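Everything on this sheet refers to the single structure shown next.
Note that this is a predicted model, so its numbers are computed, not measured. Ligands are counted one by one from 1 in listed order, and the atoms in each one are counted from 1 as well.
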Amino acid sequence: MEKRHQEQKPEVISDIMWVEKYRPKHLAQIINQKEIVKGLENLMKKPNELPHLLFTGSAGIGKTTTALCLARQLLGDNWKRDILELNASDERGIKMVRERVKEFASIMKLSINQEKNEKPFKIIILDEADEMTTEAQTALRRIIEDSARTTRFIFICNYLSHIIEPIQSRCVIFRFSKVSEEEVIEYLKDICKKEEVKVEEKALRKIYEHTNGDLRHSINILQAASVNGNISVQQVQNAIGISGKSIIAEIIKLAINSKFNESRIKLLELLYVYGVSETDFLKYANEEIYKLDLKDPYEISSLIAEYDYRLANGAHPEIQLAAFLAQLGKINLKKDKSN
Ligand SMILES: Nc1ncnc2c1ncn2[C@@H]1O[C@H](COP(=O)(O)OP(=O)(O)OP(=O)(O)O)[C@@H](O)[C@H]1O
Ligand SMILES: [Mg+2]
């Protein structure tokens with residue numbers, strides 16, 4: 001499950017959250033994506049000829065991390081000053097593309113000249129690019145071309161099919177694969193060693209079963225399950241039990257049963273304690289309703305689509321999601337009367 005802006009959290013988070021603490025800083029530390037790392041290292045031998053890149057694959061397998069490692073290694077000291085990291089799903093639409101990317105790309109031209117080409121170019125990392133509207137992506141085409149001399153783009157997405165063909169064709173595409181069971185387990189074991197936590201092998205297998213190759217989710221569960229310096233299967237089970245997804249199911253159930261206030265409080269907990277984004281809430285809600293054995297999940301699905309659209313258009317997320325929960329309660333009332 002996507003967490004909101006892990007990459008942009010304050011410095012201290014990197015001490016608290018294992019996913020940040022153990023986020024690789026160098027390409028060589030990235031696991032499971034050997035072919036990709038090899039390919040990138042090859043491209044990096046001639047930095048001036050580096051093409052635009054497009055990283056695609058499921059959640060939590062190293063796409064953002066790889067982009068950051070690449071930027072760090074290519075740009076050296078002060079690398080943070082020379083990258084623009086945008087989360088496309090936050091400020092979707094044409095406005096973000098025009099204003100922020102264009103502005104950055106043109107400032108880059110200036111500063112590169114001033115530095116007498118000390119560094120070959122600047123890097124724009126456009127994370128969650130598949131969440132951008134087609135219009136925004138189309139506008140981006142021009143910007144990519146206009147800034148070609150000074151800027152390299154790294155697009156990151158979960159679904160390649162949501163990226164328009166003209167952008168795909170301007171990039172070298174790298175497909176990230178899910179992390180294999182053995183590599184997840186080895187990686188988690190290593191973290192346990194560093195954290196001086198005792199862990200049962202079975203507990204690690206249990207984590208993999210649940211997360212299916214999503215390393216971020218695996219590390220989060222590992223951390224949540226570590227109590228008093230040890231991790232057992234039972235502790236893993238408990239940690240899984242309180243994961244974001246199961247809370248979403250609970251929120252939906254409460255709302256359908258017209259327990260509006262309780263569901264809204266749980267929703268706030270999900271957003272602010274578990275850090276799940278508003279759009280992810282709707283995405284997972286859509287999955288959960290089909291597991292709930294409802295008479296008419298389709299009606300709720302179209303409601304979800306409507307609220308997803310509103311969020312995409314910049315409506316206030318908290319107000320919209322509260323209204324969504326209130327609507328769920330009404331759907332239920334309508335049914336009771338008709339039965
Ligand atoms: N291949 C990997 N090697 C080492 N650590 C990894 C790898 N993939 C993920 N991780 C760990 O999981 C965390 C999340 O990874 P990352 O942000 O790169 O995922 P992502 O592929 O960008 O996922 P999303 O699509 O959800 O943005 C990292 O901080 C790191 O701790
Ligand atoms: Mg990412």
Please check if any side-chain donor atom of R175 sits under 3.5 Å from a side-chain acceptor atom of T56, or the reverse.
no
Is it the case that the side chains of S58 and N158 hold a donor-acceptor pair, with the cut-off being a distance below 3.5 Å and no angle test?
no
Backbone or side chain, does any N or O of [X] fall under 3.5 Å from an N or O of ligand 1?
X: E20; value: no
X: R216; value: yes
X: I31; value: yes
X: N158; value: yes
X: I61; value: yes
X: G62; value: yes
X: T66; value: no
X: Q29; value: no

Would you call the rings of F176 and F55 parallel, tilted or perpendicular, where under 30° means parallel and over 60° means perpendicular?
tilted
Is it the case that more than 12 heavy atoms not belonging to [X] sit under 6.0 Å from its [atom1] atom?
X: N48; atom1: CG; value: yes
X: Y290; atom1: OH; value: yes
X: K46; atom1: NZ; value: no
X: E196; atom1: CD; value: no

Considering only heavy atoms, does F176 approach ligand 1 within less than 4.0 Å through its side chain, its backbone, both, or neither?
neither
May I ask you to identify, for A59, whether its side chain, its backbone, both or neither come under 4.0 Å of ligand 1 on a heavy-atom basis?
both
If you look at every heavy atom in [X] and [Y], which pair is closest and at what distance?
X: Y309; Y: N313; result: O-ND2, 2.9 Å
X: A129; Y: F155; result: CB-CD2, 4.2 Å
X: I61; Y: S177; result: CD1-O, 3.6 Å

Verdict with supporting geometry, E195 and Y22, side chain to side chain donor-acceptor pair (under 3.5 Å):
CA-CA 11 Å; E195 291 291 331; Y22 297 105; 2.5 Å; yes
Mark up the atoms of ligand 1 that fall under 4.0 Å of a heavy atom belonging to [X], in ascending order.
X: I219; answer: 11 (C), 31 (O)
X: Y187; answer: 4 (C), 5 (N)
X: T65; answer: 15 (O), 16 (P), 17 (O), 18 (O), 28 (C)
X: P24; answer: 4 (C), 5 (N)

Selection from G60, S218, S177 by shortest heavy-atom distance to atom 9 (C) of ligand 1
G60
If the contact criterion is a heavy-atom separation under 4.0 Å, does V19 count as touching ligand 1?
yes
Got an N, O or S from T64 under 2.8 Å of the Mg ion (ligand 2)?
yes
